[in-house]
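Values below: all heavy atoms of this structure, side chains included; hydrogens, waters and symmetry mates excluded.
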Amino acid sequence: MSQGILPLHYEVDPKSGGVTTLTGLPLLVEFCRLLGLPRLMSKVQARHSDQGRTDAQMLISLVLLNMAGG
């Protein structure tokens, strides 16, 4: 089953009945992109250089870490 914005494809394995608790994280990323949060987060300007990850990438990572229970 293909999803919307992200190129995700979920496959159902009839042999296993278990689902991990982290299954919903890609859907959370897609929801954040649908809301336009990366564009809004890019206005934060917490960094002073252009090296490494963007502010939006770091903030999304922190949100996902929090949602994953980290």
Side-chain angles (χ1 to χ4, degrees):
M1 168 187 307
S2 65
Q3 300 298 313
I5 293 176
L6 297 178
L8 300 176
H9 301 283
Y10 288 101
E11 295 181 11
V12 178
D13 184 10
K15 297 176 186 173
S16 69
V19 176
T20 68
T21 57
L22 304 177
T23 303
L25 291 179
L27 297 176
L28 180 63
V29 172
E30 185 171 354
F31 182 67
C32 288
R33 288 188 181 179
L34 283 172
L35 291 176
L37 291 179
R39 181 181 44 82
L40 293 174
M41 289 180 197
S42 66
K43 296 180 182 181
V44 172
Q45 300 295 327
R47 304 180 313 140
H48 299 292
S49 69
D50 290 335
Q51 294 180 343
R53 306 266 187 228
T54 64
D55 292 337
Q57 290 172 330
M58 293 299 289
L59 287 171
I60 290 289
S61 296
L62 289 172
V63 168
L64 290 174
L65 179 66
N66 188 24
M67 295 305 286

- Which of these passes side-chain contact (heavy atoms from CB on, under 4.5 Å) with C32: I60, L64, L40? I60
- Message: Distance check, rounded to the nearest 0.5 Å: M58 atom CE versus L65 atom CG?
- Response: 10.5 Å
- Query: Taking only residues two or more places apart in sequence or in another chain, which ones pass side chain to side chain contact (heavy atoms under 4.5 Å, CB included) with M67?
  - Reply: L25, L28, V63
- Item | Which residues share a side chain to side chain contact (heavy atoms under 4.5 Å, CB included) with L62, sequence neighbours left out | none
- Task: Please identify each residue that fulfils side chain to side chain contact (heavy atoms under 4.5 Å, CB included) with T54, with sequence neighbours left out.
- Result: A56, Q57
